[in-house]
Undergrad: 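Mind looking over this structure? Questions follow.
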Amino acid sequence: MTIDFLNKKIEKSINDLYNVDIPSNFCQIIKTKSDFEGDFTLIIFPFLSFSKTDLLTTANEIANILKDFDEIDSFNIVKGFLNLNLSDGFLSNLFKTAVESKNYGFLSSKSNSETTLVEFSSPNTNKPLHLGHIRNNLIGFAISNIFKACGHNVKMVQVINDRGIHICKSMLAWLKYGNGKTPASEKVKGDFFVGQYYILFEKKLKEEINKIGDKNIIPNILIEAQEMLVKWENKDPKIIKLWNMMNNWVYEGMDITYKKLGIVFDKNYYESDTYLDGKRIVNEFLDKNIFFSKEDNSVWVDLSKYNLDEKLLLRSDGTAVYMTQDIGTAFSRYKDFNFDNMIYVTGNEQNYHFQTLFKILEKLSCQWAKKCFHLSYGMVDLPTGKMKSREGTVVDADDLIDKMRNESFNLIKKSNKFDDFNDEEIKDLSNIVGDGALKYFILKVDSKKSIMFNPEDSIDFNGNTAPFIQYTYARINSVLSKKKDFKNCYNSFEEMGSVEKALIKIIIEFPNCIKQCKESLNPAFLANYIYHLAKTYNKFYQKVPILDGSRNENFRLTISKKVSLVIKNGMRLLGIDVPNRM
RNA sequence: GGCCCUGUAGCUCAACUGGAUAGAGUACCUGACUACGGAUCAGGCGGUUGAAGGUUCGAAUCCUUUCAGGGUCACCA
């Protein structure tokens, strides 16, 4: 519970009472558990050392002062817990402020706002996006929106891994076995088309290894790929042309997927550019003896005194590795944006990598190194084990999105509630519902935890889901459409009902909820908040007649309207749409 | 093996970062529509928070030990 000024007021009263400066973390105010009566609860235990008396006496001493506050109506004491009831008048005021504030919960960015870069997605250009990328994209997009809502000037960026041996593999396979086929000639989406050749390469490689039967002999096809990488680095025109063509196929395919996900980046960085920056920087600091080289000319950084080992930065043949590229990218970004924060959204398999990267940046005296954060999320696993694109055991992003949309379509088709909808309208609605179900399913889980995804029965349309929330929104919308012009009203003419009170208390938490998501780098908190709000509203809807012509009608309409706005704007932060009807 | 993360109802997840009798959904069993929209609501069943110690008024949360699962320790990305 965070009503800042009330917290401060209480804190001050207690300070005065005991005539000491009580550390602010001693004043713990929490929401009252639903089993007890009260709106919020002050925990008494910490004050015992100042009151020098027993628990009950202390609680009463404090309660006696607080009960005279206008904001507080009544209290009760249970053990070391002082439960306080807010007065209806005070709640009304808070509610009024919330309703009347423009862009409630959202701070707008100003010229002196912090600039925050969020890096996410960052795909390889040799295969389509899969379920793991979906989680990455959803978290990255949501956290970007959340930082925006906190007034940051946010830039969404990615680095596209468009070069390297893995890219050459799909290129080589296409050259050898493609027979000039193209995505257009085969009517296959470009990223899937290229992905097929990546898998084909791995298959041929495996066949050749089996045929050779000697681990020490490098298969020809792999040597060819390595040769191709060297040609690429030497800018062989034929190879560059092929590379451009195939990468473009992939980009065309990915554009469609990003469009489905509703994601647009502010700036793309390409590894094919930044790896050169990285090499330059590494060599520069090699000269300054920050890095060192070994006999074979490979370049290393020694981080062993930070518990992080030695790390390779340039291969003995002078070519770049992943880390090299990431150093170059980071420098470019700082030059481009002079950011205050940079957040990398990647799977937790890269925890060690980012620890190392940040430490290296520190060693390079980048004062911005401590402004870099790693939002590390858990892997998405299938019942059959880990997803491996090399083996083709992945859930493709497009397939999954389409499956959800279709399921939603069928659900709507057979409900006969939408007889006045044409197929186009049904399709639009099923996209909103299907996409929502998928996105919410992933975002409601604490980002650092891994997700077990069972393709058969993972995603539900009932319970703690987006469709449940969307339905609540649509139903409020329906009520509101029956009474278009009502006058805002912030108080009940009788004592406020418990559900109305509960709703108002949730509504006034919205800004704080967003802040918490930002601080913990975890959108799941918002997802669960919205669910809780929707659930409480449904209870209200069932229990309390809204349009009953009574003098409380406007109060209930005002609550309904505000709930719908919080739902809509909260879901928007998560990248989820809400329909006017469903 | 070293380091990191995770173990909560049959299953999927919460628990406002140390607060009260650990809550939701789902599944299963009841009950509620001549409707402001039933993709809803109300009730029941379901727990030694992996285990054992410790810290304190108070532990799912912090510390130690231990068990289980995952990740990582590449001249892969």
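Scope of the values below: all heavy atoms of this structure, side chains included, with no hydrogens, waters or symmetry mates. Only a predicted model underlies this, so the values are computations on that prediction, with no experimental measurement involved.
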Undergrad: Watson-Crick or G-U wobble partner for B/rA32, using a 3.5 Å limit on both distances?
TA: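 Partner of B/rA32: B/rU40.
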Undergrad: Looking at every strand, decide which applies to A/Gln28 at a 4.0 Å heavy-atom threshold: base, sugar-phosphate, or nothing.
TA: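 Base contact.
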Undergrad: Spell out protein contact along nucleotides 20-29 of chain B as letters: B when the base is contacted, S when just the sugar-phosphate is, - when no protein heavy atom is under 4.0 Å; keep the 5' to 3' order.
TA: BS--SSS---
Undergrad: Where the side chain of A/Val445 is defined as all heavy atoms beyond and including C-beta, which of B/rA77, B/rC36, B/rA14 is the nearest nucleotide?
TA: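 Per side-chain heavy atoms of A/Val445, the pick is B/rA14.
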Undergrad: For a quick check of understanding: with a heavy-atom distance under 4.0 Å over all strands, which category does A/Tyr322 fall into, base, sugar-phosphate or nothing?
TA: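 The residue A/Tyr322 makes base contact.
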Undergrad: Looking for any heavy atom pair under 4.0 Å, which part of the strands does A/Ser520 touch: base, sugar-phosphate only, or nothing?
TA: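 Base, at least one base heavy atom under 4.0 Å.
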Undergrad: Determine the contact category for A/Phe45: base if any of its heavy atoms lies under 4.0 Å from a base atom, sugar-phosphate if only primed atoms, P, OP1 or OP2 are that close, otherwise nothing.
TA: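 The answer is base, as A/Phe45 lies within the cut-off (heavy atoms under 4.0 Å) of a base atom.
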Undergrad: Between B/rC16, B/rG38, B/rA77, which one does the side chain of A/Tyr471 approach most closely?
TA: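 For the A/Tyr471 side chain, the nearest candidate turns out to be B/rG38.
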Undergrad: Considering only the P atoms, how many Å lie between B/rA24 and B/rG18, rounded to the nearest integer?
TA: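 Straight-line distance between the two P atoms is 23 Å.
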Undergrad: Side chains of A/Thr319 and A/Asp317: do they bring a donor and an acceptor to under 3.5 Å?
TA: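 Short answer, yes.
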Undergrad: If B/rC45 has a Watson-Crick or G-U wobble mate with both distances under 3.5 Å, name it; if not, just say none.
TA: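 Across any shown strand, B/rC45 pairs with none.
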Undergrad: So what does A/Lys448 touch, heavy atoms closer than 4.0 Å: a base, only the sugar-phosphate, or nothing?
TA: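 Sugar-phosphate contact only.
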Undergrad: Of the options B/rA77, B/rU8, B/rC36, whose atoms approach the side-chain atoms of A/Lys449 most closely?
TA: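 Closest nucleotide to the A/Lys449 side chain: B/rU8.
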Undergrad: Please determine if A/Arg475 forms a cation-pi arrangement with A/Tyr541, meaning its NZ or CZ atom is less than 6.0 Å from the six-membered ring centre and no more than 45° off the ring axis.
TA: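 Checked: cation-pi criterion met.
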Undergrad: Can you figure out which of B/rC41, B/rA77, B/rA39 approaches the side chain of A/Lys539 most closely?
TA: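 Closest nucleotide to the A/Lys539 side chain: B/rC41.
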Undergrad: Under 4.0 Å, heavy atoms only, any strand: does A/Glu553 hit a base, just the sugar-phosphate, or nothing?
TA: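 If one applies the 4.0 Å heavy-atom cut-off, A/Glu553 turns out to touch nothing in the nucleic acid.
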Undergrad: By the rule that syn is within 90° of 0, classify the base conformation of B/rU72 as syn or anti.
TA: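 Nucleotide B/rU72 adopts anti.
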Undergrad: For A/Leu411, which contact category applies under a 4.0 Å heavy-atom criterion: base, sugar-phosphate, or nothing?
TA: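 A/Leu411: base contact, heavy atoms under 4.0 Å.
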Undergrad: Contact class for A/Asp381 vs. all strands (heavy atom < 4.0 Å): base, sugar-phosphate, or nothing?
TA: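 No contact.
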Undergrad: Please state the P separation for the pair B/rC5 and B/rG10 - nearest whole angstrom.
TA: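 My reading of the P atoms in B/rC5 and B/rG10 gives 28 Å.
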Undergrad: Reckon A/Asp309 touches a base, only the sugar-phosphate, or nothing at all at heavy-atom distances under 4.0 Å?
TA: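 The residue A/Asp309 makes sugar-phosphate contact but no base contact.
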Undergrad: Among the nucleotides B/rC13, B/rC41, B/rA39, which one has an atom lying closest to any side-chain atom of A/Ile451?
TA: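 Out of B/rC13, B/rC41, B/rA39, the nucleotide with an atom closest to A/Ile451's side chain is B/rC13.
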Undergrad: Can you tell me the base-pairing partner of B/rC62? Count Watson-Crick or G-U wobble geometry only, both distances below 3.5 Å, and say none if there is no partner.
TA: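 B/rG54 is the nucleotide pairing with B/rC62.
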Undergrad: Quick one: is B/rA74 close enough that its OP1 or OP2 comes under 4.0 Å of any side-chain N or O from A/Arg315?
TA: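 False: A/Arg315 side-chain N/O out of range (4.0 Å or more) of B/rA74 OP1/OP2.
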Undergrad: Indicate, with a heavy-atom threshold strictly under 4.0 Å, whether A/Asn307 touches base, sugar-phosphate, or nothing.
TA: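 Nothing, no heavy atom under 4.0 Å.
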Undergrad: Watson-Crick or G-U wobble partner for B/rU6, using a 3.5 Å limit on both distances?
TA: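 With both distances under 3.5 Å, B/rU6 matches B/rA68.
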Undergrad: Considering only side-chain heavy atoms of A/Met582, which listed nucleotide, B/rG19, B/rA39, B/rA77, is closest?
TA: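 Among B/rG19, B/rA39, B/rA77, the one nearest the side chain of A/Met582 is B/rA39.
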Undergrad: Taking for each residue the nucleotide of RNA chain B bearing the nearest heavy atom, is the 5' side occupied by A/Gln325 or by A/Asn580?
TA: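 Its nearest nucleotide being more 5', the pick is A/Asn580.
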Undergrad: Between A/Leu547 and A/Asn522, name the one whose nearest nucleotide on RNA chain B is closer to the 5' end.
TA: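 Between the two, 5'-proximity favours A/Asn522.
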Undergrad: Within the 4.0 Å heavy-atom criterion, would you say A/Val299 contacts the bases, only the backbone, or no part of the nucleic acid?
TA: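 The residue A/Val299 makes no contact with any strand.
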Undergrad: From the options B/rA14, B/rC36, B/rA77, select the nucleotide whose nearest atom is closest to the side chain of A/Val479.
TA: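 The nucleotide sitting nearest to the side chain is B/rC36.
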Undergrad: Quick one: look up who B/rG25 pairs with, Watson-Crick or G-U, both distances under 3.5 Å, and put none if it's unpaired.
TA: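 Base-paired to B/rC11.
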Undergrad: Now, which nucleotide makes the Watson-Crick or G-U wobble pair with B/rG1, with each of the two distances under 3.5 Å?
TA: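 In the structure as shown, B/rG1 has B/rC73 as its Watson-Crick or wobble partner.
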Undergrad: Look at A/Glu310 together with A/Lys294 and state whether they make a salt bridge at an N to O cut-off of under 4.0 Å.
TA: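 Result for this pair is yes, salt bridge flagged.
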Undergrad: Looking across every strand, which nucleic acid part, if any, lies under 4.0 Å from A/Ile412 by heavy atom: base, sugar-phosphate, or nothing?
TA: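 Result for A/Ile412 = base.
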